[in-house]
Amino acid sequence: MTEDAVVDVPDRDLLTIGAFAARARLSAKALRLYDRLGLLSPAHVDEATGYRYYRAGQVERARLVAMLRQLDMPLARIAEVVAAGDGPTAAELLGTYWADVEARVAGQRTLAEYLRGRLSGRSSEMYQRFAIETVDVPEQVVITEKRHTLADELPAWIGASLGRLEAAARECGGVAGVPYVAYHAEVSMESDGPAEACVPVADEAAARAWTERHGRAWETAVRVEPARRLAYTRITKAQVAHPQILAAFEAVEEWMAAEGLTATGPCRELYFADWEAAGAEDPVCDVAFPVS
């Protein structure tokens with residue numbers, strides 16, 4: 001006899017897994033999975049046979065779990081939603097998850113459009129939207145923080161690390177130039193850099209003393225950045241998002257090749273504007289390569 005067969009129910013308010021599955025419009029296999037994942041446990045399990053029994057009141061929860069799984073919601077977040085029960089808390093949890101999904105899909109849509117442009121041979125059209133210039137930057141003393149990070153963690157780390165370094169610079173004579181992030185190797189979902197956040201400081205001795213006292217927690221260091229010529233393009237806050245920023249980097253590289261220039265250091269993003277106050281179309285960042 002199988003678990004789905006007709007059996008004597010220990011409590012007339014209980015349903016066999018087969019009867020409950022029919023009411024919930026789910027398979028018995030799905031219900032066993034939900035039990036194993038801790039999302040929906042039977043109301044009673046017969047110790048002798050191992051048969052599972054459910055109450056009619058569990059039908060709505062079973063259907064909710066099934067629908068949340070259709071949204072590709074991770075199991076841990078499904079558990080949070082069903083634990084919250086019906087009400088504004090559960091609705092807010094679902095809303096937060098779906099906002100994350102829409103943001104991810106929007107990024108994937110933009111990436112797909114970017115890749116279609118490249119694959120169809122329209123890269124030059126994309127690059128022509130960027131104005132490339134050069135600028136000479138004098139020698140600078142910078143206080144830095146280096147980290148191996150993947151692309152999904154990069155934006156949060158940039159904001160946090162530059163914030164820490166700017167606070168440190170204010171204790172070391174002040175911020176003496178545009179903060180930037182240098183990439184010593186590719187940062188993507190497969191490659192973790194490292195990336196290096198850098199803030200120019202006015203007082204080298206004070207900066208070195210600060211790192212001696214506080215720098216170990218964040219792998220902070222002080223170094224002298226030599227005078228450089230940068231080839232750069234200025235982009236808006238909206239263009240900083242991946243993959244738009246990739247097109248900006250590639251546009252600068254294409255321009256460098258056409259001009260016979262060679263990169264002499266890691267590419268970088270210079271953040272010269274107040275990020276929080278800037279609108280989507282406001283210029284906030286220079287994408288640059290040191291060149292000779």
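Nearest heavy-atom pair, Arg55 versus Ala43, reported as atom, atom and distance to 0.1 Å: CG-CB, 3.7 Å. In terms of heavy atoms, Val82 sits closest to Ala79 at CG2-O, 3.4 Å. Pairing each heavy atom of Gly193 with each of Ala185, the nearest pair is O-CB, 3.1 Å. Nearest heavy-atom pair, Val81 versus Met73, reported as atom, atom and distance to 0.1 Å: CG2-SD, 4.1 Å. Shortest non-hydrogen contact noted between Ala195 and Val181 is CB-CG1, 4.2 Å. Shortest non-hydrogen contact noted between Ile235 and Ala248 is CG2-CB, 3.9 Å.
We find the CD1-OG1 distance between Ile132 and Thr233 to be 4.0 Å, quoted to the nearest 0.5 Å. Between the SG atom of Cys285 and the CZ atom of Arg268 there is a distance of 12.0 Å, given to the nearest 0.5 Å. Going from atom CG of Leu154 over to atom CG of Asp192 covers 11.0 Å, rounded to the nearest 0.5 Å. Atom CD of residue Gln140 and atom CZ of residue Arg228 lie 10.0 Å apart, to the nearest 0.5 angstrom. The CD atom of Glu276 lies 6.0 Å from the NZ atom of Lys237; values are rounded to the nearest 0.5 Å. A distance of 11.5 Å separates CD of Glu166 from CD1 of Ile143, quoted to the nearest 0.5 Å.
With a 4.5 Å cut-off on side-chain heavy atoms, Trp210 and His214 count as touching. Contact annotation: the side chain of Arg164 never approaches that of Thr220 to less than 4.5 Å [non-hydrogen atoms, C-beta and beyond]. Counting heavy atoms from C-beta on, the side chains of Val59 and Tyr54 never come closer than 4.5 Å. Put simply, the side chain of Glu269 reaches to within 4.5 Å of the side chain of Phe249, judged on heavy atoms. Within the 4.5 Å cutoff, the side chain of Trp98 has heavy atoms near those of the Leu71 side chain. A heavy-atom distance below 4.5 Å is found between the side chains of Glu225 and Tyr180. Counting heavy atoms from C-beta on, the side chains of Phe20 and Leu31 come closer than 4.5 Å. Counting heavy atoms from C-beta outward, Arg129 and Gln239 have side chains that stay 4.5 Å or more apart.
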Residues Thr16, Tyr51; criterion side chain to side chain contact (heavy atoms under 4.5 Å, CB included); working and verdict:
CA-CA 8 Å; Thr16 64; Tyr51 291 168; over 6 Å; no
Step by step, work out the side chain to side chain contact (heavy atoms under 4.5 Å, CB included) result for Leu15 and Gln58.
CA-CA 10 Å; Leu15 301 170; Gln58 294 180 282; over 6 Å; no
Are Tyr97 and Asp72 close enough, and set up right, to give a side chain to side chain contact (heavy atoms under 4.5 Å, CB included), and what steps lead you there?
CA-CA 10 Å; Tyr97 167 72; Asp72 293 326; 4.1 Å; yes
Determine whether Asp46 and Tyr53 satisfy the following criterion, side chain to side chain contact (heavy atoms under 4.5 Å, CB included), listing intermediate values before the conclusion.
CA-CA 8 Å; Asp46 187 288; Tyr53 299 92; 4.1 Å; yes
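Other residues, nucleotides and ligands contribute only 12 or fewer heavy atoms inside 6.0 Å of the CZ atom of Arg23. Counting heavy atoms of neighbouring residues, nucleotides and ligands inside a 6.0 Å radius, atom CD of Glu259 exceeds 12 of them. Heavy-atom contacts from other residues, nucleotides or ligands closer than 6.0 Å to CD of Glu219 number 12 or fewer. Summarising the local packing, CZ of Arg229 is surrounded by 12 or fewer heavy atoms from other residues, nucleotides or ligands at distances under 6.0 Å.
Leu75 and Val65 fall within a single hydrophobic cluster, where Ile, Leu, Val, Met, Phe, Trp and Tyr side chains are chained together by heavy-atom contacts under 4.5 Å. Transitive grouping of hydrophobic side chains (ILVMFWY, heavy atoms separated by less than 4.5 Å) brings Phe289 and Phe130 into a common cluster. Residues Leu165 and Tyr183 share a single hydrophobic cluster, defined by chaining ILVMFWY side chains whose heavy atoms lie under 4.5 Å apart. Cluster membership for Leu64 and Leu33, using ILVMFWY side-chain heavy atoms within less than 4.5 angstrom, is shared. Residues Leu270 and Val291 are members of separate hydrophobic clusters, defined by side-chain heavy-atom contacts under 4.5 angstrom among Ile, Leu, Val, Met, Phe, Trp and Tyr.
Taking the centre and axis of the six-membered ring of Tyr34, the NZ or CZ atom of Arg61 falls outside the cone set by 45° and 6.0 Å.
Classification of the Trp275-Tyr271 ring pair by plane angle, with boundaries at 30° and 60°, yields perpendicular.
Remark: of the listed residues Lys146, Arg223, Arg147, Arg223 is the sole one forming a side-chain hydrogen bond (donor to acceptor under 3.5 Å, both in side chains) with Glu196.
Between the Ser161 side chain and the Ala197 main chain, no donor and acceptor come within less than 3.5 Å of each other. A donor-acceptor pair is defined here as one N or O able to donate and one able to accept, closer than 3.5 Å; no such pair exists between the side chain of Arg234 and the backbone of Tyr232.
In summary, Arg77 and Glu80 do not engage in a salt bridge, as defined by a charged side-chain N under 4.0 Å from a carboxylate O. A salt bridge does not link Glu212 with Arg208: every distance from a Lys NZ or Arg NE/NH1/NH2 to an Asp or Glu carboxylate oxygen is 4.0 Å or more.
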